K.L.:
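Before we start, here is the structure in question, set down as C-alpha cells.
In this text the structure is predicted, and so the values were computed from the model without any measurement. We're numbering straight along the sequence, starting at 1.
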Amino acid sequence: MRRIAVAGASGLIGNALVRSLTADGFEVRRLVRRAARDPQEVCWDPEQEYVDASGLAGCDAVVNLAGAGVGDRRWSEAYKQRIHDSRVLGTRALARAVAALDERPSVLVNGSAMGIYGETGDRIADEDAPPGRGFLPELCVEWEAAAAPAEEAGVRTVFARTGLVVARQGGAWGRLFPLFKAGLGGRIGDGRQYWSYIALHDEVAAIRHLLDRDDLSGPFNLTAPEPLTNREITAAMGRVLGRPTVFAVPAPVLRTVLGEMAGDVLGSARVVPRRLLESGFRFAFPGIDDAIRAALA
C-alpha cells in the first residue's frame, strides 16, 4: 500500500494523518473542494455528491475524515443540515466513486464517531452496543450506512468511531487548553458524565493500523481503554498544567449558551475500544495525564 487518498486532509485528524503518511514515504492524494492544481489533488464537492473518480484511480486506500465541525457553532437547523450533508452525502459520493472504479482500492476507512451510542450513563459501550437516540446517534447511523456502495462492491470498509481527541490545536480539546492555562478551567455540569478520549498520536496510529490490517472491517471505537469522568479529566488538566480548576459551568448556563448541543456535552459516553485492543493495537498514551502531555509536546 503506497498511494492513499484522504478526504478531510485539512482537518485536525486528517492533517496529522497526512503528515504521518508522507513522512513514511506514502503518496497522498488530498480531496479538495476546488479545481485540482496538481496530480496530488482530487476535486470533489461532497454536498453535491461529486467526486472526480479519475483522481482515485491507482489508490490503494481511501480515508474519509471530512465533515463540518460538530462543535464549531450553535446548532441551528441550517447548520445541523450542513453537518449531516457534509458527512452523509460526501460518504455516499466517495463510496459510489470507489465502487465504480475498474481497479478498486483495497480499503475504505470512513470516519464516524462515538456519538453513535448516545447517552450511555455508567454503562460501558463497546462496538456491539446499540445506537442511541437523538441527532448525533441518528446521524452516525446514516453516515455509516452511506458507505454501503463500497462494501457491496467488495471493498473492505472500516468505520472509525472516534472519541474526544486530545490535541492542543483544533477540536473540543483545543478550546479547553486556553481556559485551563488561564486558570479558568473546571468541571462541566456535575462532572459525573464520562468522556471517552484519545490522544491525537494514538488516533493516527489507530487509523494506520486499520489501513494495514486486511482482516479488519466494520466498526472500531477509537478511544483510550479507560474512559474517565469529566471531573477526573478536569483534575488531570489542572494537575498537568499546574493550574487551579475551581470554576465550573452549571448545566443551565451551558444549555443557554450551546442550545441543543449542550445535551451531548453534558451527556455521558463510556465507550471502550474492545475490537481495537483485540486486534493487537497498543496505545502509546492510554492515560489522560500522558495524553495531555503529548498534546503539549
K.L.:
Taking salt bridge (charged side-chain N to carboxylate O under 4.0 Å, His left out) as the cut-off, I'd like each qualifying pair that reaches into residues 154-169, sequence neighbours left out, listed once.
P.N.:
E144-R161

K.L.:
Among residues at least two apart in sequence or on other chains, which ones pass side chain to side chain contact (heavy atoms under 4.5 Å, CB included) with Q40?
P.N.:
E27, R29, D38

K.L.:
Who passes ring-ring contact (aromatic ring centres under 6.0 Å, His included) against F281, sequence neighbours left out?
P.N.:
H209, F283

K.L.:
Can you name the residues that form a side chain to side chain donor-acceptor pair (under 3.5 Å) with T223, not counting sequence neighbours?
P.N.:
none

K.L.:
Distance-only check: which donor-acceptor pairs under 3.5 Å involve side-chain atoms of residues 5-23, not counting sequence neighbours?
P.N.:
unit_1: S20; atom_1: OG; unit_2: R208; atom_2: NH1; d: 2.8
unit_1: T22; atom_1: OG1; unit_2: V18; atom_2: O; d: 2.8

K.L.:
Any pair with a residue in residues 82-95 that passes salt bridge (charged side-chain N to carboxylate O under 4.0 Å, His left out), sequence neighbours left out, goes on the list, sorted by first then second residue, please.
P.N.:
E49-R92

K.L.:
When Ile, Leu, Val, Met, Phe, Trp and Tyr are grouped by side-chain heavy atoms lying under 4.5 Å apart, directly or through other members, which residues fall in the same group as F159?
P.N.:
none

K.L.:
Please tabulate, one pair per line, all N/O donor-acceptor pairs under 3.5 Å involving side-chain atoms of residues 54-63, not counting sequence neighbours.
P.N.:
unit_1: S54; atom_1: OG; unit_2: D52; atom_2: OD1; d: 2.6
unit_1: S54; atom_1: OG; unit_2: D52; atom_2: OD2; d: 3.4
unit_1: D60; atom_1: OD2; unit_2: R2; atom_2: N; d: 2.8
unit_1: D60; atom_1: OD2; unit_2: R3; atom_2: N; d: 3.0

K.L.:
Using distance only, find each side-chain donor-acceptor pair of residues 130-137 under 3.5 Å and give its atom names and separation, not counting sequence neighbours.
P.N.:
none

K.L.:
Transitive ILVMFWY cluster of I124 at side-chain heavy atoms under 4.5 Å: who else is in it?
P.N.:
V272

K.L.:
Among all residues two or more places apart in sequence or in another chain, which pass the side chain to side chain contact (heavy atoms under 4.5 Å, CB included) test with R282?
P.N.:
none

K.L.:
Pairs in or reaching into residues 181-192: which pass side chain to side chain donor-acceptor pair (under 3.5 Å), with residues at least two apart or in two chains?
P.N.:
none

